[in-house]
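To start, the structure itself, in C-alpha cells.
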Amino acid sequence: MTTESERPHHEISAPPIYAAIWRTTIMHNGRRIVEFSTRVQKRYRDQRSGEWKTTNFFPRLRPSEVGPRGSPGLRVRHPARI
C-alpha cells in the first residue's frame with residue numbers, strides 16, 4: 001500500500017469542523033486501485049489549559065457556532081483532482 005502524499009487529497013472546513021480526504025493507491029489482484037478515506041475533527045479550546053485541541057466527538061452544534069459570522073462558513077482548501 002502506498003500513499004500519494006503526506007498531505008490530504010482534499011480538505012473542507014466549516015469552523016470549528018474540519019474534514020480531510022486521503023487518497024491511497026493499492027494493488028489488488030494485479031490491478032491498481034485508488035481508495036479514499038476521511039477524517040472529520042472538531043477544534044476547540046480547552047477550558048482548563050487554554051490550549052487548542054481536536055476531537056472526533058460532536059455534540060449538538062448551533063448553526064451560529066459553525067463558520068465565521070456573516071459568511072456561508074464552508075471553505076474548500078484543496079479542490080479534488082481525480
Side-chain angles (χ1 to χ4, degrees):
M1 183 164 69
T2 63
T3 57
E4 301 298 318
S5 71
E6 295 294 321
R7 298 181 60 183
H9 178 68
H10 191 73
E11 290 180 301
I12 301 169
S13 65
I17 308 297
Y18 297 89
I21 300 171
W22 297 86
R23 178 183 173 139
T24 305
T25 303
I26 64 168
M27 295 298 289
H28 181 69
N29 292 333
R31 294 180 61 198
R32 194 173 119 187
I33 298 174
V34 177
E35 295 184 333
F36 294 91
S37 60
T38 58
R39 180 188 69 215
V40 179
Q41 294 181 327
K42 176 186 169 190
R43 292 205 53 181
Y44 69 98
R45 187 179 295 262
D46 186 279
Q47 291 181 354
R48 291 183 184 171
S49 68
E51 295 177 358
W52 283 100
K53 297 185 177 184
T54 59
T55 183
N56 295 327
F57 175 71
F58 299 95
R60 289 182 286 174
L61 292 174
R62 291 170 281 191
S64 63
E65 294 177 317
V66 179
R69 292 192 195 318
S71 75
L74 183 65
R75 293 189 302 246
V76 176
R77 294 196 179 149
H78 300 287
R81 294 184 191 119
I82 299 174

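Hydrogens, waters and symmetry mates play no part in the numbers below; they use all other heavy atoms, side chains included.
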Any donor and acceptor pair, going by atom type alone, linking the side chain of Asn29 with main-chain N or O of Arg31 inside 3.5 Å? no
Judged by atom type as modelled, is there a donor-acceptor pair below 3.5 Å linking the side chain of Ser49 to the main-chain atoms of Glu51? yes
Report the distance from atom CG of Asn56 to atom CZ of Arg39, rounding to the nearest 0.5 Å. 8.5 Å
Do Val34 and Arg23 have side chains that approach each other closer than 4.5 Å (heavy atoms only, starting at C-beta)? yes
dist Thr38:OG1 -> His9:NE2 (nearest 0.5 Å) comes out at 13.0 Å
Taking all non-hydrogen atoms of both residues, which atom of Arg7 and which atom of Trp22 are closest, and how far apart? C-CZ3, 3.4 Å
Could you walk me through whether Glu35 and Ile26 satisfy the side-chain contact (heavy atoms from CB on, under 4.5 Å) test, starting with their C-alpha distance in whole Å, then the side-chain angles of each, then the deciding distance to 0.1 Å, before giving a yes or no? CA-CA 8 Å; Glu35 295 184 333; Ile26 64 168; 3.4 Å; yes
Same apolar cluster: Ile17 and Tyr44, side chain cutoff 4.5 Å: no
So which atom in Gly50 and which in Arg45 form the shortest heavy-atom distance, rounded to 0.1 Å? O-NH1, 3.0 Å
Heavy atoms only: give me the nearest Arg32-Met27 pair and the separation to one decimal. CA-SD, 3.7 Å
So Trp52 and Arg43, side-chain contact (heavy atoms from CB on, under 4.5 Å) or not? Walk me through it. CA-CA 7 Å; Trp52 283 100; Arg43 292 205 53 181; 2.9 Å; yes
